[in-house]
Amino acid sequence: QLQLVESGGGLVQPGGSLRLSCAASGFTLDNYAIGWFRQAPGKEREGVSCISKRDGNTYYAASVKGRFTISRDNAKNTVYLQMTNLNPEDTAVYYCAARRTEYYNRRNYYTDPSDYDYWGQGTQVTVSS
């Protein structure tokens, strides 16, 4: 069974940090471009950060650039989202997603949720004092 499982969410004070993990089972993540998305109550799902299948090309939403870092460890079949200097506007459910990517698109990342094939169940991040 193909599955993505997020972990690492929780409650953190403003200015704090969290590292989210996205672990794959049943398939190999190095064949996939990966995206992190988030959805706050009453808002649409938005792309936070994405990474290509190869060469480490990345995308960051303007609201998180300089604070979040996406990385992948193909040996562990896991993708990470390091989040620093968190603020209450970062409060949301965070999802990781995987898109099977052809070799000729190996350097592309994808920011549209409809581009992705598999989704995790989400992990809650709450930033509050």
Side-chain angles (χ1 to χ4, degrees):
Q1 184 177 1
L2 306 180
Q3 200 171 13
L4 291 171
V5 179
E6 302 97 336
S7 60
L11 173 64
V12 63
Q13 293 187 340
S17 299
L18 286 174
R19 188 177 79 156
L20 305 184
S21 299
C22 172
S25 61
F27 64 107
T28 304
L29 273 183
D30 64 1
N31 289 323
Y32 292 77
I34 304 297
W36 281 98
F37 295 81
R38 67 185 180 187
Q39 189 164 19
K43 295 188 177 181
E44 292 189 356
R45 189 168 297 190
E46 64 168 338
V48 175
S49 182
C50 309
I51 189 166
S52 60
K53 169 180 170 177
R54 291 285 185 272
D55 297 344
N57 292 327
T58 56
Y59 160 85
Y60 296 96
S63 58
V64 308
K65 193 172 292 186
R67 301 188 297 121
F68 290 12
T69 304
I70 190 171
S71 61
R72 61 192 304 159
D73 186 338
N74 289 339
K76 294 184 177 180
N77 217 25
T78 301
V79 176
Y80 303 97
L81 186 68
Q82 178 68 49
M83 307 186 296
T84 64
N85 195 20
L86 286 160
N87 60 63
E89 289 70 39
D90 296 317
T91 296
V93 178
Y94 284 71
Y95 300 88
C96 67
R99 171 195 164 101
R100 186 167 181 87
T101 304
E102 306 81 356
Y103 179 77
Y104 51 86
N105 286 325
R106 62 192 182 279
R107 297 188 178 92
N108 294 353
Y109 53 73
Y110 301 87
T111 61
D112 188 334
S114 66
D115 286 328
Y116 288 85
D117 303 309
Y118 303 106
W119 289 83
Q121 82 289 348
T123 185
Q124 176 70 47
V125 171
T126 303
V127 184
S128 175
S129 56

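On a predicted model such as this, the values are computed, not experimentally measured, just so you know.
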Donor-acceptor pair between [X] and [Y] side chains, under 3.5 angstrom:
X: Ser114; Y: Asp112; answer: yes
X: Thr84; Y: Gln82; answer: no
X: Tyr94; Y: Arg38; answer: yes

[atom2] on [Y] to [atom1] on [X], rounded to 0.5 Å:
X: Thr111; Y: Phe37; atom1: OG1; atom2: CZ; result: 7.0 Å
X: Asn57; Y: Ile70; atom1: CG; atom2: CD1; result: 11.5 Å
X: Leu11; Y: Ser129; atom1: CG; atom2: OG; result: 9.5 Å
X: Lys53; Y: Ile51; atom1: NZ; atom2: CD1; result: 13.5 Å
X: Asp55; Y: Tyr109; atom1: CG; atom2: OH; result: 13.0 Å

Query raised in the report: Thr28 and Asn77: side-chain contact (heavy atoms from CB on, under 4.5 Å), yes or no, with the steps?
Result: CA-CA 6 Å; Thr28 304; Asn77 217 25; 4.2 Å; yes
Query raised in the report: Within 45° of the six-membered ring axis of Tyr80 and under 6.0 Å from that ring's centre, is NZ or CZ of Arg19 located there?
Result: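 Ring-cation test returns yes.
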Identify the heavy atoms of [X] and [Y] that sit nearest to each other, and give their distance.
X: Trp36; Y: Leu20; result: CH2-CB, 3.6 Å
X: Ser21; Y: Thr78; result: CB-CG2, 4.2 Å
X: Phe68; Y: Val48; result: CD2-CG1, 3.5 Å
X: Arg72; Y: Leu29; result: NH2-O, 2.6 Å
X: Asn85; Y: Arg67; result: O-NH1, 3.0 Å
X: Arg54; Y: Asp30; result: NH1-O, 2.8 Å

Requested in this report: For the pair Asn74 and Tyr32, evaluate side-chain contact (heavy atoms from CB on, under 4.5 Å) and give the outcome as yes or no after the intermediate values.
Outcome: CA-CA 10 Å; Asn74 289 339; Tyr32 292 77; over 6 Å; no
Are the side chain of [X] and the backbone N or O of [Y] linked by a donor-acceptor pair below 3.5 Å?
X: Glu6; Y: Thr123; answer: no
X: Asn105; Y: Asn108; answer: no
X: Thr101; Y: Arg99; answer: yes

Requested in this report: Look at the aromatic rings of Tyr116 and Tyr110 and report parallel, tilted or perpendicular, splitting at 30° and 60°.
Outcome: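 Tyr116 and Tyr110: perpendicular rings.
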Requested in this report: Fit a plane to each ring of Trp119 and Tyr95, take the angle between them on a 0 to 90° scale, and name the class: parallel (under 30°), tilted (30 to 60°) or perpendicular (over 60°).
Outcome: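 It falls in the perpendicular class, over 60°.
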Query raised in the report: Are Ile34 and Tyr118 linked, directly or through other ILVMFWY residues, by side chains that come within less than 4.5 angstrom of each other?
Result: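 The answer is yes; both residues are in one hydrophobic cluster.
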Query raised in the report: Does Val93 share a hydrophobic cluster with Val64, counting links as ILVMFWY side-chain heavy atoms below 4.5 Å and allowing steps through other members?
Result: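 In one cluster: no.
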Query - Ion pair check, Asp117 and Arg100, cut-off under 4.0 Å - result: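 Looking at Asp117 and Arg100, the cut-off is not met.
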**Report entry** Full working for side-chain contact (heavy atoms from CB on, under 4.5 Å) between Val79 and Cys96
**Finding:** CA-CA 9 Å; Val79 176; Cys96 67; over 6 Å; no
Query - Sub-4.5 Å side-chain heavy-atom contact between Val12 and Met83 - result: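 No; the side chains remain at least 4.5 Å from each other.
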Query raised in the report: Can you find a pair of side-chain heavy atoms, one from Thr91 and one from Gln124, that are under 4.5 Å apart?
Result: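 Side-chain contact under 4.5 Å: yes.
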Query raised in the report: Within a radius of less than 6.0 Å around CD of Glu44, do more than 12 heavy atoms belonging to other residues, nucleotides or ligands occur?
Result: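 Check fails, neighbour count at 12 or below.
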